[in-house]
Amino acid sequence: MRPHIRAALERSAELTRNNRLIDGMRMGEAAINQATDDEHPEIRQWLTDHAGDFTGQED
């Protein structure tokens, strides 16, 4: 996945964790919409691996 997509997903998680769900969702959605079809599986895996980043809970 390209660095700017990963950075946007990380920022999305940070916003969501800080009770800014709408902003976080907008940023995450924009990143996913910019991704190529080849990047989508990696994004899905990243989201699965980093679900705790969005909630602030550790695995």
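Index from 1, following the sequence.
- The side chain to side chain contact (heavy atoms under 4.5 Å, CB included) search around Thr36 returns Arg2, Asp38, Glu39, not counting sequence neighbours.
- Under the 4.5 Å side-chain contact rule for hydrophobic residues, Leu47 and Ile5 share a cluster.
- A pairwise comparison of heavy atoms in Phe54 and Ser12 identifies CE2-OG, 3.6 Å as the closest pair.
- Checked against salt bridge (charged side-chain N to carboxylate O under 4.0 Å, His left out), Glu10 has no partners two or more places apart in sequence or in another chain.
- Between atom CE of residue Met1 and atom CG of residue Leu9 there is a gap of 6.0 Å, rounded to the nearest 0.5 Å.
- Screening residues 16-38 for ring pair (Phe, Tyr, Trp, His ring centres under 6.0 Å), with sequence neighbours left out, gives no hits.
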If you look only at distance, which donor and acceptor atoms sit under 3.5 Å apart when one is on a side chain in residues 20-32 and the other is two or more places apart or in another chain?
{"residue": "Arg20", "atom": "NE", "partner": "Asp23", "partner atom": "OD2", "Å": "3.1"}
{"residue": "Arg20", "atom": "NH2", "partner": "Asp23", "partner atom": "OD2", "Å": "3.0"}

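- In this structure, Arg17 has no salt bridge (charged side-chain N to carboxylate O under 4.0 Å, His left out) partners at least two apart in sequence or on a different chain.
- A search for side chain to side chain contact (heavy atoms under 4.5 Å, CB included) contacts involving Arg44 returns His40, Pro41, not counting sequence neighbours.
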